[in-house]
J.: 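Sending over a structure as structure tokens; questions will come in a sec.
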Amino acid sequence: MGKLQNKVVLVTGGTTGIGLAAARLFAAEGAKVTVTGTNPRSVEAARKELEGIAEVVVSDAGSSADIQALAGRFAAEGTGVDVLFLNAGVAKFGPITSLDEAAFDDSFRINVRGPWLYIKHFAPLLRRGGAIVVNSSINNQLGMPGSSAYAASKAALRSIVRVAAAELSESGIRVNAVSPGPIETPLHDKLGFPASFAQALIAQIPMRRFGTADEVAKAALFLASDDASYMTGEEIVLDGGMTRV
Ligand SMILES: NC(=O)c1ccc[n+]([C@@H]2O[C@H](COP(=O)([O-])OP(=O)(O)OC[C@H]3O[C@@H](n4cnc5c(N)ncnc54)[C@H](OP(=O)(O)O)[C@@H]3O)[C@@H](O)[C@H]2O)c1
């Protein structure tokens with residue numbers, strides 16, 4: 001019997017990286033998994049990788065219309081939803097003096113407004129005993145140069161977790177966050193930083209390596225499952241000790 005046996009699970013941004021690893025792990029634990037993404041190439045690749053494991057749906061995690069349409073789809077199926085892993089996110093880095101407004105707006109549209117809209121439109125579908133897990137970041141508490149939009153968006157998301165946990169508690173829904181440090185996923189290639197940036201990060205990590213998507217997926221599974229039945233409003237930091245020792 002899996003930890004998510006027969007649970008209905010939605011993973012946003014499940015086409016690559018942490019979301020893809022979580023989709024695989026949740027399905028292996030018995031869940032009926034749907035993942036979202038937007039990039040035609042990653043959606044296509046994920047459909048192949050997740051064939052027979054999870055359904056891949058094109059849906060923009062920052063679009064109110066797309067989120068409401070997806071909620072409508074689940075409502076029409078009438079099964080309810082047990083777990084939301086609000087994982088989709090973007091990282092736009094650059095000093096405040098040169099980062100453009102579009103990068104700031106996109107960060108908040110996808111990393112903050114999107115999860116808020118998911119909670120808004122999916123809360124009525126969530127069954128008692130269900131869980132929401134969001135993917136924040138250790139940047140929610142760091143002053144890392146170049147991270148202003150990303151860090152602020154992840155801090156806002158961390159804050160929403162506390163409020164949503166309070167608001168949904170009487171409905172029997174727990175709301176928690178995973179907050180990873182540097183994890184080996186396509187996100188870092190998208191940033192386009194030189195290899196020296198990764199080396200500089202590793203030098204700040206006591207465990208001297210990036211984490212893996214699977215390591216974060218396991219923490220998300222814990223928070224999504226009954227193993228974390230007395231946890232809400234909390235955050236699990238996975239950063240090889242970077243902000244902890
Ligand atoms: N990697 C790290 O070091 C790290 C550290 C801390 C926190 N995180 C957080 O972990 C989460 C997952 O990131 P990752 O590292 O796994 O990176 P990733 O491989 O780039 O994954 C990002 C996922 O989000 C999806 N996505 C992006 N914009 C979207 C949108 N508008 N609508 C729907 N899906 C969208 C992408 O799908 P498409 O490309 O198909 O749209 C992809 O599946 C993010 O929230 C990130 O901030 C990552």
Side-chain angles (χ1 to χ4, degrees), residues 10-25 33-50 54 56-67 69-70 84-93 102-103 105-115 117-118 133-142 144 147 149-158 160-161 177-193 197-198 201-202 204-205 209-217 219-220 235-240 242-243:
L10 175 66
V11 177
T12 69
T15 54
T16 61
I18 295 166
L20 180 63
R24 278 205 208 93
L25 181 61
V33 181
T34 303
V35 310
T36 69
T38 55
N39 181 306
R41 266 201 297 182
S42 50
V43 165
E44 193 49 43
R47 281 198 173 127
K48 284 198 185 109
E49 271 197 65
L50 295 175
V56 182
V57 173
V58 175
S59 181
D60 181 348
S63 154
S64 185
D66 281 12
I67 293 165
L70 200 54
L84 286 183
F85 182 29
L86 303 178
N87 163 78
V90 289
K92 313 260 178 183
F93 274 56
D105 290 346
D106 233 24
S107 304
F108 272 74
R109 186 181 77 84
I110 297 166
N111 297 356
V112 183
R113 190 170 174 273
L117 286 166
Y118 267 107
V133 181
V134 311
N135 200 335
S136 181
S137 165
I138 56 164
N139 284 102
N140 72 23
Q141 53 179 346
L142 291 178
M144 185 184 286
S147 72
Y150 185 69
S153 73
K154 293 299 189 178
L157 186 56
R158 174 68 186 92
I160 288 171
V161 165
V178 285
S179 288
I183 307 298
E184 215 177 303
T185 71
L187 185 107
H188 291 271
D189 302 329
K190 292 174 192 169
L191 281 168
F193 289 151
F197 180 75
L201 277 178
I202 287 171
Q204 296 172 50
I205 303 170
R209 65 170 177 88
F210 275 34
T212 67
D214 286 337
E215 287 172 318
V216 182
E235 145 184 68
I236 295 182
V237 171
L238 301 110
D239 69 352
M242 186 173 169
T243 61

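In each ligand, atom 1 is the first atom listed, and ligand 1 is the first ligand listed.
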J.: According to side-chain hydrogen bond (donor to acceptor under 3.5 Å, both in side chains), who are the partners of Ser137, at least two apart in sequence or on a separate chain?
T.: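 Asn139.
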J.: Among residues at least two apart in sequence or on other chains, which ones pass salt bridge (Lys or Arg N to Asp or Glu O under 4.0 Å) with Glu49?
T.: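 Only Arg24 meet the salt bridge (Lys or Arg N to Asp or Glu O under 4.0 Å) criterion with Glu49.
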J.: Working note: Leu70 + Leu10, criterion side-chain contact (heavy atoms from CB on, under 4.5 Å); need CA distance, chi angles, decisive distance, verdict.
T.: CA-CA 10 Å; Leu70 200 54; Leu10 175 66; 4.0 Å; yes
J.: Suppose we screen for side-chain hydrogen bond (donor to acceptor under 3.5 Å, both in side chains). Which residues come up paired with Arg41, at least two apart in sequence or across chains?
T.: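 Listed in chain order: nothing, the list is empty.
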J.: To the nearest 0.5 Å, what is the distance between CD1 on Ile160 and CG on Leu86?
T.: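 So the CD1 of Ile160 and the CG of Leu86 are separated by 10.0 Å.
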J.: Might you list the protein residues in contact with ligand 1, defined as having a heavy atom under 4.0 Å from one of its atoms, sorted by chain and number?
T.: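 Contacting ligand 1 under 4.0 Å are Gly13, Gly14, Thr15, Thr16, Gly17, Ile18, Gly37, Thr38, Asn39, Ser42, Ser59, Asp60, Ala61, Asn87, Ala88, Gly89, Val90, Ile110, Asn135, Ser136, Ser137, Tyr150, Lys154, Pro180, Gly181, Pro182, Ile183, Thr185, Pro186, Leu187, His188, Lys190.
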J.: Test your reading of the model: is there a side-chain donor-acceptor pair from Asn87 to the backbone of Thr12, 3.5 Å cut-off?
T.: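 It does hold such a pair.
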